[in-house]
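Since the structure comes first, as structure tokens, the remarks are kept for the end.
Remember, it's a predicted structure, so these values are computed and weren't measured experimentally.
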Amino acid sequence: MMTTGDEERRVRDAVRRHARSSAFAEAEKVISAVLSDPGVQEARPRVEAAERELGAELRARLQPLQDRYDQAVREGDASLLAGVCAGKHGHWGRICVLDDGHEAALEEPHWGRNGEGRPIAWVGSAPDDW
């Protein structure tokens, strides 16, 4: 038998889930609208070119971190991989090879290689559901 406290908790949890689902659905609509805007579509190639250019500029300094990351993946070094930035690029996914917290501590953009193997740098992080 469900007590009054259990029932209240169940209702609060249901309301919280509904509010969260509604907020995510609304955010998804807004993001889709912004990304489909012709001005945003027009700017996209310039942003991608700037990301590639900055990635190439930072390569000499940050390549050792890419090498460290690649070695950790090969060796299955979970402790090192757990400390890697979770920053996510909207198009390429989780490719940042810098240490977690680098944006605030070093004021450094995210950096890694895109799916084409080219260095890329970017600011900000895409939502997990992209």
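- Partners of R61 by side-chain hydrogen bond (donor to acceptor under 3.5 Å, both in side chains), not counting sequence neighbours, listed by chain and number: E108.
- One finds the CG atom of D6 at 5.0 Å from the CZ atom of R9 (value rounded to the nearest 0.5 Å).
- Contact check for W122 versus N114: no side-chain heavy atoms found under the 4.5 Å cut-off.
- Residues R113 and W92 form no side-chain contact, since every pair of their non-hydrogen atoms from C-beta on lies 4.5 Å or further apart.
- Atom CG in D67 sits 11.0 Å away from atom CG in L62 (nearest 0.5 Å).
- A salt bridge links R16 to D13: at least one charged side-chain nitrogen sits closer than 4.0 Å to a carboxylate oxygen.
- In this structure, W111 is a member of the same hydrophobic cluster as V73, with clusters built from ILVMFWY side-chain heavy atoms closer than 4.5 Å.
- Separation of atoms CD (Q71) and CD (Q66) is listed at 12.5 Å; rounding is to 0.5 Å.
- For the atom pair L58 CG and I120 CD1, the distance stands at 12.0 Å (nearest 0.5 Å).
- Minimum interatomic distance between P109 and V123 (heavy atoms only, all atoms of both residues): CB-CG2, 4.2 Å.
- Side-chain contact check for H102 versus C96: some heavy-atom pair is nearer than 4.5 Å.
- By the 4.5 Å heavy-atom criterion applied to side chains, R68 and D77 are not counted as neighbours.
- Hydrophobic clustering, with ILVMFWY side chains joined whenever heavy atoms are under 4.5 angstrom apart, keeps I95 apart from V97.
- Residue G87 comes nearest to H110 through the heavy atom pair CA-CE1, 3.5 Å, listed as atom of the first residue, atom of the second, then distance.
- Panel note: side chain R94, backbone K88; no donor-acceptor pair is recorded below 3.5 Å.
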Validation: residues 50-57 side-chain donor-acceptor distances under 3.5 Å, sequence neighbours left out:
{"from": "E51", "atom 1": "OE1", "to": "H89", "atom 2": "NE2", "distance (Å)": "3.0"}
{"from": "E51", "atom 1": "OE2", "to": "H89", "atom 2": "NE2", "distance (Å)": "3.4"}

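- Counting only heavy atoms from C-beta outward, the side chains of L81 and Y69 approach each other to under 4.5 Å.
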